Amino acid sequence: RPSHHDVILAAACDGIVDLKSTAGTKKLAERIDGKLSPRQRVTIVSALAKLAPSDQQFQQQLRELLTNERTNVRRAAIE
């Protein structure tokens with residue numbers, strides 16, 4: 001069951017995607033390397049994939065996530 005923080009993060013990511021916010025994209029990209037639960041990391045990866053699919057920095061972050069020990073994180077990086 002998602003935590004309160006997970007639900008808020010998902011809603012914020014959805015809003016950033018809907019707005020196509022450049023500033024929001026940068027904030028999400030900065031957070032992806034921080035301390036996050038696997039569920040939060042998946043949420044951010046999914047949002048960034050919609051916002052910046054061709055961004056070189058994001059592509060590098062995705063490649064790094066392919067070696068994550070969590071299956072759901074690797075799957076989100078692939079999708």
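For the numbers below, each heavy atom of this structure counts, side chains included, while hydrogens, waters and symmetry mates do not. The shown structure was predicted, so the numbers you read here are calculated from the model rather than taken from an experiment.
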Practice task
Heavy atoms only: give me the nearest Leu28-Ile44 pair and the separation to one decimal.
Solution key: O-CG2, 3.6 Å

Problem - Separation of Arg74 CZ from Asn72 CG (nearest 0.5 Å) - result: 9.0 Å

Handout entry: Enclosure of Gln59 CD (heavy-atom neighbours >12, cutoff 6.0 Å)
Key = yes

Exercise for the section: To the nearest 0.5 angstrom, please state how far the CZ atom of Arg39 sits from the OG atom of Ser3. Expected result: 7.5 Å

Problem - Spacing of OG1 belonging to Thr43 relative to CG belonging to Leu36, to within rounding of 0.5 Å - result: 9.5 Å

Completion exercise
Tightest non-hydrogen contact, residues Pro2 and Val7, listed as CB-CG2, 4.2 Å

Completion exercise
One should read off an interatomic distance between Cys13 SG and Asp18 CG, to the nearest 0.5 angstrom, of 11.0 Å

Exercise for the section: Measure the spacing between NE2 of His5 and CD of Gln40 and express it to the nearest 0.5 Å. Expected result: 4.0 Å

Practice task
Give the minimum heavy-atom separation between Ser37 and Asp6, together with the two atoms involved.
Solution key: OG-OD1, 4.0 Å

Exercise for the section: Apply side chain to side chain contact (heavy atoms under 4.5 Å, CB included) to Arg41 and Asn68, showing your working. Expected result: CA-CA 11 Å; Arg41 193 171 306 281; Asn68 192 288; 4.2 Å; yes

Exercise for the section: Decide if atom CD of Gln56 counts as having more than 12 heavy atoms of other residues, nucleotides or ligands within a radius under 6.0 Å. Expected result: no

Completion exercise
In short, Val45 meets Ile32 closest at the heavy-atom pair CG2-CD1, 3.2 Å

Exercise for the section: Starting at CG of Leu48, measure out to CD of Gln57 and round the result to the nearest 0.5 Å. Expected result: 9.5 Å

Handout entry: Backbone of Ala11 reached by a side-chain donor or acceptor of Asp14 within 3.5 Å
Key = no

